[in-house]
Amino acid sequence: MAASKRADRRTALLLIAPAMLVLVAINIYPFIYALYISLHTFTLGRPTPPRYIGWSNYRDLLDDDRFINSLWVSFKFVAIAAAVEFLVGFALAFLFSAKLRGMATLRKLAILPIMVMPLASGLIWFYIFNENFGAMNWFAFLLGAPHRIPFLTDGKLAILSLVLADAWQWTPFVMLVMFAALQAIPEYVYEAAKMDGLTPWQTFWRVTLPLLRSAIWVVLVLRVVDAFRMIELIYLMTRGGPGGATETLSWYIYSTGFLDQDLGSAAAEAVVMIIAVSIIAQIFVRRLNYGAAT
Amino acid sequence: MPRVEFNRICKTYADGTRAVVDLDLAVADREFLCVLGPSGCGKSSTLRMLAGLESISSGDLVLDGRRINDVPPQARDMAMVFENYALYPHLRVFENIAMPLVARRRPRAEIRERVQQVAETLQIVEYLRQRPQTLSGGQRQRVALGRAIVRRPKMFLMDEPLGHLEAYLRVQLRAELRRLHERLGATTIYITHDQEEAEAVSDRIAVMENGRLQQLGSLVDLLDRPINRFVAEFIGRIPINMLPARLAGDGQNLQVGAAMMPLSGAQSAKLRSGGTDPLTLGIRPEHVALSSGSAGETISGLSGRVRVIEPQGDSTVIIADTPAGRVSALVPSGCVPSAGEVIELHFAMDCAHVFGADNINLLRAARNSE
Amino acid sequence: MSTIVPDKKNAVGAATGARNLAIYLAACLFVGFGLFPLYMMITTSLKTDQQTFAWPPVWLFTPRFQSYYNALFVFGGRSADHYLFNSLVVTLSSSALAVFLGAMAAYGLARFRFRGNRDVAFYILSTRFAPPVGFIVPIYLMVQRSGLLDTQIALIVVYTSMNLSFVTWILRGFFLEIPIEIEEAALVDGYTRWQIFLRVALPLVRPGLAATAILSAIFSWNEFLFASILAPGDAATIPVYLAGFSASMNIDWGEYMAVGTMAVLPIMIFTLALQRHLVRGLTFGAVR
Ligand SMILES: Nc1ncnc2c1ncn2[C@@H]1O[C@H](COP(=O)(O)OP(=O)(O)OP(=O)(O)O)[C@@H](O)[C@H]1O
Ligand SMILES: [Mg+2]
């Protein structure tokens with residue numbers, strides 16, 4: 001028996017090793033490498049070799065107004081987008097649970113945006129928000145706007161325009177996941193609630209919501225993490241502008257590294273971001289009850 | 001005034017299944033009514049319509065003189081024990097039982113006290129902090145029962161509330177339920193598969209089959225005066241004997257195989273007025289007596305060979321092959337013939353039932369009229 | 001109010017007509033909002049420049065396919081079909097690799113007890129949350145160092161690793177659902193562990209393989225960030241090509257939208273095909 005146990009362990013190792021190898025190469029090693037780079041001056045395309053400068057890239061970040069601003073913009077964007085997507089998507093999940101004819105078809109149509117290439121959604125919304133001929137301005141005009149609205153070139157509006165584009169793509173995702181979670185609640189639970197005399201409101205708070213808890217966690221964390229790293233919409237619609245109003249941390253890293261070609265600072269920023277996201281993800285992974293994972 | 005009235009209630013499910021057909025039933029205030037019937041006969045459907053969980057296809061459901069077809073369950077003030085328990089998976093046992101009280105915003109101390117009390121009655125105190133998934137079927141069932149009896153509702157609806165318990169606990173708890181009923185006086189409708197339990201707890205028993213109410217009465221009524229062949233066969237601890245029979249030419253005897261069974265005057269009158277061949281004689285094993293050895297002088301005997309002997313404690317079931325078919329008899333364990341022996345079977349004809357071609361019991365109430 | 005508790009069709013107090021109408025209206029409004037941008041993309045790809053820039057916007061017009069022709073058959077330089085083909089190669093290779101390696105790892109995690117099993121599983125899951133932009137600098141340097149810049153190999157490896165997390169998690173769930181007795185029976189019949197994996201377990205999780213393959217394909221097809229940095233030139237995929245348009249001064253909106261349409265529509269068909277497993281895939285099995 002012991003021999004077969006050892007053989008089992010070897011088989012397991014052989015099965016898992018290739019995947020782990022890829023992950024070590026593309027996930028663990030790059031993280032360590034990013035740490036290394038962040039301790040050096042490192043400019044893209046310059047022949048001088050990287051020079052060790054200790055923690056000064058990190059110290060510089062603290063005095064870097066653009067970096068501080070990008071944290072704040074990221075926070076704003078993530079908070080607004082995740083909140084809007086979650087609340088609307090959650091409400092829609094109930095709406096689409098109505099047992100009416102044709103609802104299944106409407107649901108299938110509603111989730112189409114989820115799979116649109118993010119860059120293409122940026123393209124479309126860039127077009128729709130165009131100040132001169134975009135449909136959004138036409139609707140604004142129909143609703144009585146006195147002049148053209150600079151959706152993407154006004155500091156306050158630009159971030160909201162990004163939120164709208166992001167919400168267009170991801171509200172259906174929230175809806176879909178919450179819908180599935182709602183369907184997974186057995187009918188008898190609601191029957192018991194009726195017999196126990198719970199009002200619809202009590203049923204929602206005391207029965208439905210607690211039963212959706214793990215689905216809510218998944219959806220919230222996915223939305224927060226994915227909104228945090230979103231870059232395509234910014235690339236196409238605002239490029240961080242106007243005046244840094246939409247410069248999120250993701251975009252700031254991208255532009256430090258590959259527009260300003262300062263890889264050392266970009267790596268330091270990246271390390272900060274990875275650690276931030278890891279903390280969020282850890283909280284999440286720990287809270288999720290995967291049962292079978294033990 | 002009757003508390004609940006079912007007036008020509010029908011239930012047809014979306015897939016066309018006719019679960020309940022033309023149900024007419026009145027349940028009196030403070031009555032404890034048991035519903036018996038084979039699996040799939042529409043018992044749960046009836047109960048769920050009464051609870052308001054299932055829409056009523058046609059007919060009127062009347063509670064205290066008010067039609068309640070469209071009243072939502074919350075407003076009916078009934079407590080229910082679900083067939084599948086229907087416990088809240090995310091709540092602990094304590095919270096499950098407390099839910100009806102929480103819904104009514106009872107004070108915390110009262111909730112704690114009442115849940116504790118119910119848990120003691122049902123012997124589930126040690127599980128109060130567990131979640132339903134970690135409980136056995138019988139434990140879950142008691143939690144479901146607890147959630148119902150923690151309230152003081154107008155009515156209790158119980159769908160096989162003790163079905164998963166062992167005999168000992170079952171007997172204990174059914175006595176508890178009966179006591180509770182006597183204390184609270186809430187009208188109770190109780191579904192069970194156990195006739196003995198039905199007799200023990202209920203005032204009346206309703207027998208259903210194929211979505212229809214067959215007969216309503218005490219267990220003695222159902223045993224001694226079954227309205228039709230179905231009730232006769234369904235009720236009874238040991239299946240009733242059913243033998244093809246014919247009314248003899250003189251009208252005074254029932255011919256079963258070669259044997260002649262004498263009928264009383266009232267019996268023969270009933271059979272002559274209503275009976276057409278073919279008839280079926282129904283006689284319970286309790287009403288079959290044996291005498292061993294050669295054919296005696298009695299004409300009411302049917303001779304047969306013993307095939308099977310099933311000891312059942314202080315009595316024994318003897319199954320014998322006779323020219324008229326298989327007949328079982330319940331005899332005291334002291335005088336059991338041996339297998340293969342030829343015996344004489346005597347029917348206590350005053351306890352016999354005779355069913356016509358339409359399966360109606362032609363001799364119903366025969367004994368009363370004597 | 002009553003919408004907060006989903007009701008059964010034949011429950012007492014069934015929905016009223018007015019409420020149903022309101023639900024339909026709200027649902028249609030949302031679907032309309034979802035489809036409108038796609039409608040804009042497709043119609044713009046069929047418009048002339050004049051129609052595109054018209055104010056008020058033109059809603060009814062005769063479609064013309066010139067933009068598609070321009071995008072695909074332009075002379076001199078690369079046309080869209082080159083990048084579509086690049087995308088196809090990268091997508092197919094990386095999804096096949098991710099599903100194969102992921103299935104192996106998932107089986108190992110689902111079926112063998114060993115110290116650290118749980119840690120490995122959670123580590124693989126946690127890579128789902130790794131922010132790509134955080135890894136772009138070191139990966140760029142690694143790729144540059146190995147001389148693989150602007151090759152499909154670089155993208156294939158990166159995409160494989162990005163897809164591994166959810167492929168492994170979903171398939172692990174599928175494997176856990178196979179009754180262990182089936183495999184034990186095969187073991188008794190003299191199959192080796194490896195044979196059981198290939199001939200018994202894999203065929204049983206075929207729906208999972210299909211679902212994860214399609215999801216991997218969608219993510220690889222849609223990925224932009226790594227593609228734009230690691231393969232900006234000849235090996236560029238379609239999103240990178242698409243992004244190139246926005247950089248030019250005079251955007252040819254018709255052609256731009258035509259390329260966009262060609263990049264997006266195939267995926268829509270996959271989405272519809274995937275319906276059943278979409279939620280499970282997108283939440284790596286946490287919600288079914
Ligand atoms: N939701 C439903 N949809 C369609 N048919 C149903 C539904 N519920 C019950 N039925 C059918 O209605 C009939 C009566 O079912 P019901 O549950 O009332 O039986 P029951 O007497 O409670 O049986 P049991 O003793 O097994 O609990 C059965 O034929 C059943 O298949
Ligand atoms: Mg039932």
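Every chain is numbered from 1, with letters handed out A, B, ... down the list of sequences. Reckoned from all heavy atoms, side chains included, excluding hydrogens, waters and symmetry mates.
For a residue to count as touching a neighbouring chain, one of its non-hydrogen atoms must lie under 4.5 Å from one of that chain's; by this rule C:L109 touches chain A with backbone and side chain alike. Neither the backbone nor the side chain of C:L265 has a heavy atom closer than 4.5 Å to any heavy atom of chain A. Only the side chain of A:I128 comes within less than 4.5 Å of a heavy atom in chain C; its backbone stays farther off. Neither the backbone nor the side chain of C:V167 comes within contact range of chain A; no heavy atom of the residue lies under 4.5 Å from a heavy atom of that chain. Only the side chain of A:F96 comes within contact range of chain C, with at least one heavy atom under 4.5 Å from a heavy atom of that chain. Of the atoms belonging to C:F30, it is side-chain heavy atoms, and not backbone ones, that fall under 4.5 Å from chain A. Of the atoms belonging to C:F219, not a single heavy atom falls under 4.5 Å from chain A. Proximity to chain A is limited to the side chain of C:I218, based on heavy atoms less than 4.5 angstrom apart. Interface remark: C:R111 contributes no atoms to any contact with chain A (heavy atom separation under 4.5 Å). Residue C:S228 touches chain A through its side chain alone, counting heavy-atom pairs closer than 4.5 Å. With a 4.5 angstrom heavy-atom cutoff, C:I136 touches chain A via backbone and side-chain atoms both. Heavy-atom distances place both the backbone and the side chain of C:W221 under 4.5 Å from chain A. For C:F100, no part lies near chain A; criterion is any non-hydrogen pair under 4.5 Å.
By the 6.0 Å contact criterion, CZ on A:R10 is open, its count of non-hydrogen atoms from other residues, nucleotides or ligands being 12 or less. Within a 6.0 Å sphere centred on OH of C:Y123, other residues, nucleotides and ligands contribute more than 12 heavy atoms. Other residues, nucleotides and ligands place more than 12 heavy atoms under 6.0 Å from the CH2 atom of C:W194.
Residues C:W169 and C:F166 keep their aromatic ring centres 6.0 Å or farther apart.
Among the candidates C:F36, C:Y39, C:Y256, C:W253, the single residue satisfying the ring-ring contact (aromatic ring centres under 6.0 Å, His included) test with A:Y127 is C:W253.
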As a quick check of understanding, evaluate side-chain contact (heavy atoms from CB on, under 4.5 Å) for C:M268 and C:L38, giving each step before the final call. CA-CA 11 Å; C:M268 305 252 121; C:L38 298 173; 4.1 Å; yes
For side-chain contact (heavy atoms from CB on, under 4.5 Å), just list the numbers for A:Y235 and A:Y254, CA-CA rounded to whole Å, side-chain angles, deciding distance to a tenth of an Å, and then say yes or no. CA-CA 10 Å; A:Y235 185 97; A:Y254 182 83; 3.5 Å; yes
I would like to know whether C:V137 and A:Y33 meet side-chain contact (heavy atoms from CB on, under 4.5 Å); could you show each step before the answer? CA-CA 9 Å; C:V137 170; A:Y33 196 26; over 6 Å; no
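Of the N and O atoms on the side chains of C:S94 and C:N163, not one donor lies less than 3.5 Å from an acceptor on the other residue.
Taking the side chain as every heavy atom from C-beta outward, A:M175 and A:R107 approach each other to under 4.5 Å. Between A:F94 and A:F179 there is no side-chain heavy-atom pair separated by less than 4.5 Å.
Each of A:A266, A:S278, A:S250, A:A193 has some count of heavy-atom pairs under 4.5 Å with chain C, and the biggest count is that of A:S250. Listed options A:V88, A:I28, A:V219, A:I231 were ranked by heavy-atom pairs under 4.5 angstrom with chain C; first place goes to A:I28. No other option in A:M103, A:K108, A:M117 has as many heavy-atom pairs under 4.5 Å with chain C as A:M117. Heavy-atom pairs under 4.5 Å with chain C peak, among A:P30, A:A110, A:A91, at A:P30. By number of non-hydrogen pairs under 4.5 angstrom with chain C, the leading residue of A:V271, A:L222, A:I32 is A:L222.
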